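Following: one structure in structure tokens, then a few remarks.
For the numbers below, each heavy atom of this structure counts, side chains included, while hydrogens, waters and symmetry mates do not. Throughout, numbering of the chain's residues begins at 1 and tracks the sequence. All of these numbers come straight from a predicted model, not from anything done at the bench. Atoms within each ligand, like the ligands themselves, are counted from 1 in listed order.
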Amino acid sequence: AAESAVHLAKDMGRNSVAFFQSGHQNDRLSRYRIASELHHALEHEEFSLVYQPQIDLVTGALVGAEALLRWHSESLGPVSPDQFIPVAEDTGMMDDIGVWVLGQAVQEAARWSRQGMPLKMSINVSARQFQRSEVASQVMAALHQHQVAPEQLVVELTETSFMHSAAATERELASLRDEGVRVAIDDFGTGYSSLSYIREMSLDYLKVDRSFIEQIEQSETDRKLVRAMIDMSHAMGLSVIAEGAETEADLTILKALGCDQAQGYYIARPMSAADFSRWANEYRPLPLAAMPERE
Ligand code: C2E
Ligand code: MG
Ligand code: MG
Ligand code: MG
């Protein structure tokens with residue numbers, strides 16, 4: 001019963017009316033409205049990428065960034081990815097948008113390397129992209145075109161990708177990893193049957209979902225859960241990245257629990273490419289050395 005309730009809630013979420021903030025009023029946007037405006041978003045150049053830094057919790061050093069998609073619609077204003085990406089997926093538009101994201105992110109990674117800053121670039125790839133297109137060959141083509149080493153790229157995917165078409169996803173992932181591209185499982189702990197996928201898929205990183213970090217200061221249960229995820233990941237040879245670190249205490253606790261890397265508003269919000277480069281140039285490792293060792 002509990003499980004079907006979760007399914008129901010997810011289905012309702014997907015089909016319900018979306019909200020977004022525009023100026024001073026709250027507007028209701030139908031999926032239809034989003035879909036019709038999305039149609040010309042690519043050709044009107046309404047998309048952009050922002051980059052959120054990821055740091056190493058042992059050294060405090062900047063190690064990479066996650067590319068996050070933004071859409072500023074001419075008629076709708078800014079629409080959040082949680083609203084438009086599901087629509088783009090359902091209408092088949094995510095394939096083309098995904099190719100655009102890949103090209104932009106890989107080009108930016110090449111620029112970082114030329115600036116002497118060969119940071120890891122993480123991109124999000126949605127379940128539908130794995131189902132319908134040849135993700136691995138698209139990725140390899142982009143890396144080749146911009147002369148970026150496969151090892152510099154991390155492909156993030158959620159557990160839902162495995163749910164929808166396990167065989168196709170597994171095949172694409174295996175060929176990406178054969179080429180040296182890294183793979184991360186995103187939003188870990190929020191999907192279904194997490195552990196069986198961890199067992200079957202070959203992965204490099206596990207990203208602990210933000211919902212487990214939100215209360216980490218107050219909740220001993222959440223600290224225990226995160227520690228268990230970290231220990232399990234390490235036993236499987238995976239590195240752990242925590243998302244949504246919003247306070248210094250979050251970082252202190254994550255480091256004490258043995259977490260490898262973190263990203264979150266406390267370190268920095270996602271930034272435009274230009275702002276990210278400036279920020280990265282000025283970044284000095286956060287003084288994590290003073291933090292307590294694992295208890
Ligand atoms: P995600 O991949 O789990 O990305 C992390 C989300 O957490 C981002 O939301 C980021 O802005 C937000 N975040 C980061 N640090 C903090 C923090 O400290 N506190 C809070 N409250 N939030 C934080 P965003 O950018 O709105 O993206 C939402 C989701 O949309 C992403 O979740 C990802 O699943 C999807 N997405 C974004 N860009 C792309 C893309 O290019 N392709 C695909 N397929 N999906 C994307
Ligand atoms: Mg992600
Ligand atoms: Mg995530
Ligand atoms: Mg997410």
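- Between Phe276 and Tyr51, the ring-plane angle classifies as tilted under the 30° and 60° cut-offs.
- Residue contacts with ligand 1: Ser80 is excluded, as none of its non-hydrogen atoms falls under 4.0 Å.
- Ligand 1 has Gln129 within reach: a non-hydrogen atom of the residue lies less than 4.0 Å from it.
- Summarising the geometry, atom CD belonging to Glu151 is positioned 12.5 Å from atom NZ belonging to Lys120; distances are rounded to the nearest 0.5 Å.
- Closest approach of Ala149 and Leu143 over heavy atoms only: O-CD2, 4.3 Å.
- For the pair Glu66 and ligand 1, a heavy-atom separation below 4.0 Å is found.
- Contacts of Asp186 with ligand 1, taken as heavy-atom pairs under 4.0 Å, involve the side chain alone.
- Which parts of ligand 1 touch Gly244 is read off a 4.0 Å heavy-atom cut-off, strictly below it: atoms 16 (C), 17 (C), 18 (O).
- When non-hydrogen atoms are compared, ligand 1 lies under 4.0 Å from the side chain of Asp187 (C-beta onward) but not from its backbone.
- What you find for Val240 and Ser233 is that their closest heavy atoms are CG2-CB, 3.4 Å.
- Counting the atoms of ligand 1 from 1 in the order shown, those under 4.0 Å from a heavy atom of Gly264 are 15 (N), 18 (O).
- Here's the thing with Gln263: none of its N/O atoms is less than 3.5 angstrom from an N/O atom of ligand 1.
- Proximity to Glu243 (heavy-atom distance under 4.0 Å) selects the following atoms of ligand 1: 3 (O).
- If you look at Asp186 and ask which of its N, O or S atoms sits nearest the Mg ion (ligand 3), the answer is OD1.
- Under 3.5 Å, the side chains of Asp209 and Ser211 contain a donor-acceptor pair of N or O atoms.
- For the 3.5 Å distance criterion, the side chains of Thr169 and Glu172 fail to qualify, holding no donor opposite an acceptor.
- With distances taken over non-hydrogen atoms, the option nearest atom 46 (C) of ligand 1 out of Leu102, Leu69, Ile85 is Ile85.
- Atom CE of Met271 sits about 8.0 Å away from atom CD of Gln52, to the nearest 0.5 Å.
- Note: angle at the Mg ion (ligand 2), from OE2 of Glu66 to OE1 of Glu156, is 90° (rounded to 10 degrees).
- Note that OG of Ser277 is 7.5 Å distant from CH2 of Trp112, once rounded to the nearest 0.5 Å.
- Contact atoms of ligand 1 toward Gln52: 14 (C), 15 (N) (distance under 4.0 Å to a heavy atom of the residue).
- Between the side chains of Thr247 and Asp250, at least one donor N or O lies within less than 3.5 Å of an accepting N or O.
- The Mg ion (ligand 2) has no N, O or S atom of Ser122 under 2.8 Å away, backbone or side chain.
- Per-residue contacts place Val101 under 4.0 angstrom from the following atoms of ligand 1 (heavy atoms of the residue considered): 41 (O).
- Expressed to the nearest 0.5 Å, how far CG of Leu49 lies from CD of Gln104 amounts to 5.5 Å.
- Of all heavy-atom pairs between Val183 and Leu203, the closest is CG1-CD2, 3.7 Å.
- The name of the N, O or S atom in Glu243 nearest to the Mg ion (ligand 3) is OE1.
- Between the Mg ion (ligand 3) and the N, O or S atoms of Asp187, the shortest distance is to OD1.
- Those atoms of ligand 1 that come under 4.0 Å of a heavy atom in Glu246, given as number and element, are 17 (C), 18 (O), 19 (N), 20 (C), 21 (N).
- Near Met94, the atoms of ligand 1 lying under 4.0 angstrom from a non-hydrogen atom of the residue are 42 (N), 43 (C), 44 (N).
- Residue contact annotation: Asp209 places no N/O/S atom under 2.8 Å from the Mg ion (ligand 3).
- Close contacts between ligand 1 and Leu68 involve ligand atoms 4 (O), 8 (C), 10 (C), 11 (O), 25 (O), 37 (C), 38 (N) [criterion: under 4.0 Å to a heavy atom].
- Taking the six-membered ring where the residue is Trp, Trp71 and Phe84 present perpendicular rings, their angle passing 60° and hence far from 30°.
- Glu89 does not count as a contact of ligand 1, since none of its heavy atoms falls under 4.0 Å from the ligand.
- In terms of heavy atoms, Leu153 sits closest to Val139 at CD2-CG1, 3.5 Å.
- Between Met93 atom CE and His39 atom NE2 the span is 4.0 Å, to the nearest 0.5 Å.
- For ligand 1, the polar-atom distance check finds no N/O of Tyr266 at less than 3.5 Å from any of the ligand's N/O atoms.
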